[in-house]
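Here, residue 1 is the first one in the sequence, and each next residue gets the next number.
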Amino acid sequence: MAGNTSDPGASVASRLLTVLGAFDDEHRAMTLSQIARRAGLPLPTTHRLVAELATWGGLVRRPTGEYVVGRRIWELALLAPTQTGLRQIAEPFLHDVYGATLATVHLAVREGAEVLYLDRLSGTASVPIVSTVGSRLPLHCTAVGKVLLAHAPDDVLAETLGSLTRMTPFTVTQPGLLRQQLARVRRHGYATTVEEMSLGACSVAVPVLRDTAVVASLGLVVPRLTRDRTRLAGVLQAAAFGIGRELASGG
């Protein structure tokens, strides 16, 4: 259950937020009864709140009767300073990376112990991509995530090492091995994965720095990594340097 606001003293605002909080990566579309159960609210209350959110554009009702998060929520999220400034500055550099590689390009930040994908350009190769703009994935099994994890605070690293979920047979789930990989990320300046998040997809990513602080990760996804990893990392590093320079200058 996402939360429990059955307390009669709970405010309308807190109940509305609980309804929205019932949605996550594993619950993207839900019926009214499912929302009520996850939010810990009576069905009549949930019906009234969901109707208000749908009228406002925060939720959308599908023909199947299920509700999904509406575009209005995403439009508000885009107003967050981190997303607006970073995405706008990074956009031309993402296109540069795409033009040089024709691969799927990602811009991501760390939010808690997860990767939050801010932007994505789809590549020409047929590669299974599970990320979408606004989605969250574990830190330990994507290249952008490993870059962010390599520079994360100790408490985030400890939390991640304590819950290394296996996404594919190739996902690294041994804490010692992951620590070694993160040390290499810091040493070499880029991370790679081979089919750790989804079969048939490999990734390379580099940090984006504002001055000396890692503020984001820039990565790409390709069908395979052979001798190209150094070249791809170089393309990403050039773009990341440009993004960081613009961020530092307040562009």
Side-chain angles (χ1 to χ4, degrees), residues 25-26 28 86-87 90-111 113-152 160 164-174 177-208 214 216-243:
D25 280 346
E26 296 180 357
R28 293 173 176 264
L86 181 56
R87 289 180 78 245
E91 184 178 8
F93 296 97
L94 266 65
H95 283 278
D96 288 345
V97 173
Y98 173 80
T101 65
L102 299 182
T104 295
V105 186
H106 286 134
L107 177 69
V109 296
R110 182 179 62 82
E111 187 163 282
E114 295 179 307
V115 176
L116 171 63
Y117 287 84
L118 297 186
D119 210 345
R120 166 183 149 181
L121 296 179
S122 297
T124 59
S126 178
V127 182
I129 306 292
V130 297
S131 62
T132 58
V133 175
S135 68
R136 292 171 172 82
L137 291 176
L139 287 167
H140 69 284
C141 49
T142 64
V144 288
K146 289 187 179 184
V147 164
L148 296 168
L149 185 59
H151 300 277
T160 302
L164 296 176
T165 305
R166 185 179 297 279
M167 310 303 292
T168 77
F170 303 102
T171 306
V172 175
T173 56
Q174 301 89 353
L177 177 56
L178 182 57
R179 283 184 181 274
Q180 292 176 15
Q181 290 186 346
L182 298 179
R184 283 198 296 271
V185 171
R186 291 187 290 269
R187 188 164 60 248
H188 298 305
Y190 68 91
T192 62
T193 65
V194 178
E195 300 186 293
E196 292 188 42
M197 185 67 226
S198 56
L199 296 177
C202 303
S203 58
V204 185
V206 303
V208 176
V214 175
S217 182
L218 182 64
L220 51 80
V221 182
V222 292
R224 64 190 63 84
L225 281 177
T226 51
R227 300 176 181 176
D228 281 343
R229 69 180 64 201
T230 302
R231 180 183 71 83
L232 295 176
V235 172
L236 289 169
Q237 287 168 339
F241 176 80
I243 297 170

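The minimum heavy-atom distance linking Ser198 with Val130 is given by the pair CB-CG1, 4.2 Å. When every heavy atom of Leu86 is checked against every heavy atom of Ala216, the shortest pair comes out as CD2-CB, 3.7 Å. For the pair Gly189 and Gln237, the tightest heavy-atom approach, listed with the atom from each and the gap, is O-NE2, 3.5 Å. Ser122 approaches Tyr98 most closely through the heavy-atom pair O-CE1, 3.4 Å. The shortest non-hydrogen separation linking Val206 to Val147 is C-CG1, 3.8 Å. In terms of heavy-atom proximity, Ala152 sits nearest to Arg110 at CB-NE, 3.9 Å.
Using a 4.5 Å cut-off on side-chain heavy atoms (C-beta onward), Val221 and Met197 make no contact. Counting heavy atoms from C-beta outward, Val172 and Leu164 have side chains that stay 4.5 Å or more apart.
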Decide yes or no on side-chain contact (heavy atoms from CB on, under 4.5 Å) for Leu232 and Tyr190, but give the supporting numbers first.
-> CA-CA 10 Å; Leu232 295 176; Tyr190 68 91; over 6 Å; no
Decide yes or no on side-chain contact (heavy atoms from CB on, under 4.5 Å) for Val109 and Val208, but give the supporting numbers first.
-> CA-CA 9 Å; Val109 296; Val208 176; over 6 Å; no
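Between Arg87 atom CZ and Leu118 atom CG the span is 7.0 Å, to the nearest 0.5 Å. Here CG of Leu121 is found 11.0 Å from CG of Leu220. Values are rounded to the nearest 0.5 Å. The structure places CG of Leu148 at 12.0 Å from CD of Glu114, a figure rounded to the nearest 0.5 Å. We find the CD-CG distance between Glu91 and Leu94 to be 8.0 Å, quoted to the nearest 0.5 Å. Within the model, atoms CZ of Phe93 and CD1 of Ile243 stand 6.5 Å from one another, a figure rounded to the nearest 0.5 Å. Once rounded to the nearest 0.5 Å, the distance linking CG of Leu199 with CE of Met167 reads 11.0 Å.
Looking only at distances, a side-chain donor or acceptor of His140 sits under 3.5 Å from a matching main-chain atom of Thr165. Thr124 places a side-chain N or O within donor-acceptor distance of the main-chain N or O of Leu102, the cut-off being under 3.5 Å. Side chain of Thr101 to main chain of Val97: a donor-acceptor pair is present (N/O by atom type, distance under 3.5 Å, no hydrogens or angles). Using a distance-only test at 3.5 Å, with no hydrogens or angles considered, a donor-acceptor pair links the side chain of Arg120 to the main chain of Ser131.
For residues 141-152, every residue pair satisfying the side chain to side chain donor-acceptor pair (under 3.5 Å) rule, not counting sequence neighbours, is listed here: Lys146-Gln181, Lys146-Glu196. Applying the salt bridge (charged side-chain N to carboxylate O under 4.0 Å, His left out) definition to pairs two or more places apart or across chains, none involves residues 230-241.
Annotation: side-chain hydrogen bond (donor to acceptor under 3.5 Å, both in side chains) contacts of Ser203 (sequence neighbours excluded): Thr193.
Heavy-atom contacts from other residues, nucleotides or ligands closer than 6.0 Å to CZ of Arg166 number more than 12.
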